[in-house]
Undergrad: 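The following block contains the structure, expressed as structure tokens.
Proteins come first, then strands; the chains are lettered A, B, ... in the order of their sequence lines, and each starts at number 1. Small disclaimer: the values here were computed from a predicted structure and weren't measured.
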Amino acid sequence: MVIDFSPFFGAQSPLERVFEAIWSPTLPISQRPYAYPPLNISEDQDRILVHCEIPGMDISEIDLSLTDSSLVIKGERQPAKGKYYRQERPTGAFQRVVNIQSPIDRDKVSAKMKDGLLEIVIPKSDGAKPKKISIDIA
Amino acid sequence: MSDIRKTEEKGFPRVKPATDIVEAEDGFYIYMDMPGVSKEALVIDLNEDEIKVSGRSAYPAPDGEKLIHVEFGNGEYYRGFTLSHIVDKSRIRATLKNGVLELHLPKAEKAQPRKIDIQMG
């Protein structure tokens with residue numbers, strides 16, 4: 001299994017991914033040149049949001065763990081039973097690691113899943129928020 | 001309202017959803033990965049032997065958030081299939097769960113294999 005320690009692993013520009021998809025549509029997840037599942041990371045003042053496209057999985061099947069400076073998303077997609085005529089959907093084990101540099105509020109991290117879209121909300125701890133300091137002029 | 005029209009005018013990239021076609025004992029199953037598509041946004045058209053599936057994923061627009069890293073976005077899924085004659089079209093069922101559309105295409109009764117009794121003369 002390929003373990004990528006950076007969210008910027010592999011070919012991630014949209015054009016590169018289009019080419020990869022044309023050349024190798026049915027490779028198992030572990031042999032794909034780009035990271036799976038695709039992630040979007042965004043932030044605002046109070047929190048970091050990680051969105052992730054994982055269709056066909058229940059939230060109970062996804063293993064989320066939070067270490068000191070990273071968030072790990074792990075799981076395995078199972079193939080259906082029967083005789084395959086065509087297989088394009090990836091199967092196999094996957095893992096992605098998101099490095100988090102800023103201090104976070106570990107106890108308030110939450111995750112939810114809707115229509116195959118996983119959303120993880122990581123609140124920033126008070127120390128990470130910018131503070132205004134007022135200067136009194138004597 | 002104007003916002004919706006704006007996104008429609010712009011148009012999302014059209015994507016062929018990744019699809020598995022599997023034959024099981026009780027018929028064929030088509031699985032399609034359509035993350036982000038809600039039940040309301042999914043359209044399945046059956047016209048004679050053609051089945052057409054289309055849907056639009058609608059992710060909430062970032063509200064005051066700064067995007068740091070982007071690997072996926074909104075898309076319009078579209079894919080069509082031609083059905084075999086052995087599929088019983090009146091009993092096709094579709095279920096959408098966790099972003100995967102499952103189409104169950106049962107085989108018609110007459111297509112089921114059956115044993116032929118041999119009578120001794």
Undergrad: Measure the spacing between CZ of A/Arg86 and CD1 of B/Ile30 and express it to the nearest 0.5 Å.
TA: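 Here the interatomic distance stands at 10.0 Å.
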
Undergrad: To the nearest 0.5 Å, what is the distance between NZ (A/Lys81) and CD (B/Glu25)?
TA: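 Here the interatomic distance stands at 12.5 Å.
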
Undergrad: Quick one: what part of A/Pro37 sits under 4.5 Å from any heavy atom of chain B, side chain, backbone, both or neither?
TA: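 Contact with chain B involves the backbone of A/Pro37 alone.
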
Undergrad: If hydrophobic clusters are built by linking Ile, Leu, Val, Met, Phe, Trp and Tyr wherever their side-chain heavy atoms come under 4.5 Å apart, do A/Val121 and A/Ile104 end up in the same one?
TA: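 In one cluster with A/Val121: A/Ile104, no.
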
Undergrad: Working to the nearest 0.5 Å, report the span between OH of B/Tyr31 and CD of A/Glu88.
TA: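 B/Tyr31 OH to A/Glu88 CD: 15.0 Å, rounded to 0.5 Å.
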
Undergrad: With heavy-atom distances below 4.5 Å as the criterion, would you say the side chains of A/Pro55 and B/Val100 are in contact?
TA: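 Yes - at least one pair of side-chain heavy atoms lies under 4.5 Å apart.
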
Undergrad: Would you check, one step at a time, whether the test side-chain contact (heavy atoms from CB on, under 4.5 Å) holds for B/Asp20 with A/Tyr84?
TA: CA-CA 7 Å; B/Asp20 284 1; A/Tyr84 269 91; 3.4 Å; yes

Undergrad: Consider only side-chain heavy atoms of I, L, V, M, F, W and Y, link residues closer than 4.5 Å, and tell whether B/Val15 and B/Tyr78 are in one cluster.
TA: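 Cluster IDs for B/Val15 and B/Tyr78 differ.
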
Undergrad: Just wondering, are more than 12 heavy atoms of other shown residues or ligands nearer than 6.0 Å to NZ in B/Lys16?
TA: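 Result for NZ/B/Lys16: open.
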
Undergrad: With rounding to the nearest 0.5 angstrom, report the CE to CG distance, A/Met57 to B/Asn98.
TA: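 Going from CE on A/Met57 over to CG on B/Asn98, the span is 9.0 Å.
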
Undergrad: Going through the checks in order, is the side-chain contact (heavy atoms from CB on, under 4.5 Å) test met by A/Asn40 and B/Phe72?
TA: CA-CA 7 Å; A/Asn40 281 358; B/Phe72 66 90; 3.6 Å; yes

Undergrad: Sort A/Leu49 into side chain, backbone, both or neither according to what part of it lies under 4.5 angstrom from a heavy atom of chain B.
TA: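 The answer is the side chain of A/Leu49.
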
Undergrad: Compare every heavy atom of B/Glu71 with every heavy atom of A/Leu39, then report the nearest pair and how far apart it is.
TA: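 Scanning both residues, the minimum pair turns out to be N-OE1, 2.9 Å.
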
Undergrad: Report the residues that fulfil side-chain contact (heavy atoms from CB on, under 4.5 Å) with B/Thr82, sequence neighbours left out, ordered by chain and then residue number.
TA: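 By the side-chain contact (heavy atoms from CB on, under 4.5 Å) rule, B/Thr82 matches B/Asp49, B/Glu50.
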
Undergrad: Tell me, do B/Ile68 and A/Glu43 make a side-chain contact under 4.5 Å, heavy atoms counted?
TA: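 Yes; the side chains approach each other to less than 4.5 Å.
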
Undergrad: Look at B/Asp33 together with A/Arg77 and state whether they make a salt bridge at an N to O cut-off of under 4.0 Å.
TA: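 Yes, charged N to carboxylate O under 4.0 Å.
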
Undergrad: B/Val37 versus A/Asp115: any side-chain heavy-atom pair under 4.5 Å?
TA: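 Contact flag for B/Val37/A/Asp115 side chains = no.
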
Undergrad: Could you check whether any side-chain heavy atom of B/Pro35 comes within less than 4.5 Å of a side-chain heavy atom of A/Leu117, counting everything from C-beta outward?
TA: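 SC-SC contact between B/Pro35 and A/Leu117 ruled out.
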
Undergrad: Please check if B/Val22 and A/Tyr85 belong to a single hydrophobic cluster, counting links between Ile, Leu, Val, Met, Phe, Trp and Tyr side chain heavy atoms closer than 4.5 Å.
TA: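 Unlinked, B/Val22 and A/Tyr85 end up in two clusters.
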
Undergrad: For the interface with chain A, which of B/Ser38, B/Pro17, B/Ala24 has the highest count of heavy-atom pairs at distances below 4.5 Å?
TA: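 Greatest number of close heavy-atom pairs with chain A: B/Ser38.
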
Undergrad: Would a single hydrophobic cluster contain both B/Ile86 and B/Ile21, if residues Ile, Leu, Val, Met, Phe, Trp and Tyr are joined by side-chain heavy-atom contacts under 4.5 Å?
TA: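 Hydrophobic grouping puts B/Ile21 with B/Ile86.
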
Undergrad: Shared ILVMFWY cluster between B/Ile92 and B/Leu42, side chains joined below 4.5 angstrom?
TA: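 Yes, because B/Ile92 and B/Leu42 connect within a single hydrophobic cluster, where side-chain heavy atoms sit under 4.5 Å apart.
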
